[in-house]
Amino acid sequence: QVQLVESGGGLVQAGGSLRLSCAVSGRTFSRYTMGWFRQAPGKEREFVAAISWSGVSTYYADSVKGRFTISRDNAKNTVYLQMNSLKPEDTAVYYCAAGPSGSIYSTARGYDYWGRGTQVTVSS
């Protein structure tokens, strides 16, 4: 079993930054593709970013490209999401997810394990 625990969410003003972390335990972290998703009230969960097991390949939603950066530290079993130039529309619960290392997926179906989420609120 794989456990994922997100942290780093909070309240920030528009234009500010936050860094989310997701600590993974239970199995070999480096075997997994890791992703970040978010869900705003009344909306469906949407893809934000993903990173390959090696960290070489990354993929972003158009809405966050150029503002968010996903990274991972396999020695620390942790994946990060650096969020800059935050906008009120970035307000959501952010979830990290782990999936098979073969591909980078931008849909929730590609991931097998999920954290409980961390709230990010951006005020205008």
Side-chain angles (χ1 to χ4, degrees):
Q1 190 71 7
V2 177
Q3 294 83 40
L4 293 78
V5 179
E6 302 95 337
S7 62
L11 174 64
V12 64
Q13 288 188 333
S17 298
L18 282 175
R19 188 195 197 199
L20 305 184
S21 299
C22 175
V24 182
S25 62
R27 287 190 179 177
T28 305
F29 174 69
S30 61
R31 293 182 180 177
Y32 292 99
T33 291
M34 299 299 298
W36 285 97
F37 289 74
R38 67 187 181 186
Q39 188 167 17
K43 295 187 177 181
E44 294 185 352
R45 190 169 297 189
E46 65 173 358
F47 170 76
V48 175
I51 187 167
S52 63
W53 68 270
S54 65
V56 171
S57 299
T58 56
Y59 184 62
Y60 297 92
D62 288 342
S63 59
V64 306
K65 202 172 294 183
R67 300 188 298 122
F68 290 11
T69 302
I70 188 172
S71 62
R72 66 190 295 162
D73 185 337
N74 286 348
K76 295 182 178 180
N77 288 1
T78 302
V79 62
Y80 305 97
L81 186 68
Q82 177 67 44
M83 305 186 295
N84 299 329
S85 302
L86 283 161
K87 304 174 181 180
E89 50 264 43
D90 294 319
T91 295
V93 177
Y94 283 71
Y95 300 88
C96 72
S101 63
S103 300
I104 295 182
Y105 299 97
S106 60
T107 61
R109 290 181 299 174
Y111 296 85
D112 300 317
Y113 303 100
W114 293 82
R116 293 188 175 184
T118 185
Q119 176 70 47
V120 172
T121 303
V122 184
S123 63
S124 57

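Bear in mind the structure is a predicted one, so any value in this text is a computation, not a measurement.
No chain of hydrophobic side-chain contacts below 4.5 Å, direct or via other Ile, Leu, Val, Met, Phe, Trp or Tyr residues, connects V64 to F47. Side-chain heavy atoms closer than 4.5 Å link hydrophobic residues (I, L, V, M, F, W, Y) into clusters, and following such links, possibly through other members, connects L18 to M34. Cluster annotation: Y113 is connected to Y94 through the hydrophobic network of ILVMFWY side chains, with a link wherever side-chain heavy atoms come within less than 4.5 Å. Clustering ILVMFWY residues whenever any of their side-chain heavy atoms sit less than 4.5 angstrom apart, transitively, puts L86 in the very cluster that holds V48.
For Y111, the ring-ring contact (aromatic ring centres under 6.0 Å, His included) partners at least two apart in sequence or on another chain are F37.
A donor-acceptor contact shorter than 3.5 Å is absent between the side chain of T121 and the backbone of L11. In terms of modelled atom types and a separation under 3.5 Å, the side chain of N74 and the main chain of W53 share a donor-acceptor contact. Side chain of R72 to backbone of S52: a donor-acceptor contact under 3.5 angstrom is found. A donor-acceptor distance shorter than 3.5 angstrom exists from the side chain of S54 to the backbone of V56, with no hydrogens or angles considered. A distance-only check finds no donor-acceptor pair linking the side chain of R109 to the backbone of Y105 [under 3.5 Å].
Annotation: the span from D112 atom CG to T33 atom OG1 amounts to 10.5 Å, rounded to 0.5 Å. Atom SG of C22 and atom CD1 of I70 lie 9.5 Å apart (nearest 0.5 Å). Taking CH2 of W114 as the start and SG of C96 as the end, the distance is 9.0 Å to the nearest 0.5 Å. Residue S17 holds its OG atom at 9.5 Å from CZ of F68, rounded to the nearest 0.5 Å.
Between D90 and K87, no side-chain nitrogen of the basic residue sits less than 4.0 Å from a carboxylate oxygen of the acidic one, so the salt-bridge criterion is not met. E46 has a carboxylate O that lies under 4.0 Å from a charged side-chain N of R38, or vice versa, which qualifies the two as a salt bridge.
By the 4.5 Å heavy-atom criterion applied to side chains, W36 and L20 are counted as neighbours. You'll find the side chain of V24 reaches within 4.5 Å of the side chain of V2, heavy atoms only. Within the 4.5 Å cutoff, no side-chain heavy atoms of Y32 are placed close to those of P100. Looking at heavy atoms from C-beta onward, I51 lies out of side-chain contact with I104 at the 4.5 angstrom threshold. Side-chain contact between M83 and V12 is absent, with no heavy-atom pair separated by less than 4.5 Å. Residues E6 and S21 are not in side-chain contact: their nearest non-hydrogen atoms beyond the backbone lie 4.5 Å or more apart. Looking only at side-chain heavy atoms (C-beta outward), T91 and Q119 come within less than 4.5 Å of each other.
Here the closest heavy-atom approach between residue A49 and residue L81 is recorded as CB-CD1, 4.2 Å. Contact record, A40 with A92: N-CB, 3.8 Å, taken as the closest heavy-atom pair.
Side-chain contact, T78 with D73: no donor N or O sits under 3.5 Å from an acceptor N or O. A donor atom on one side chain and an acceptor atom on the other are found under 3.5 Å apart for Q3 and S25.
Atom NZ of K43 has 12 or fewer heavy atoms from other residues, nucleotides or ligands within 6.0 Å.
A cation-pi arrangement is present between R45 and Y95 under the rule of less than 6.0 angstrom and at most 45 degrees off the ring axis.
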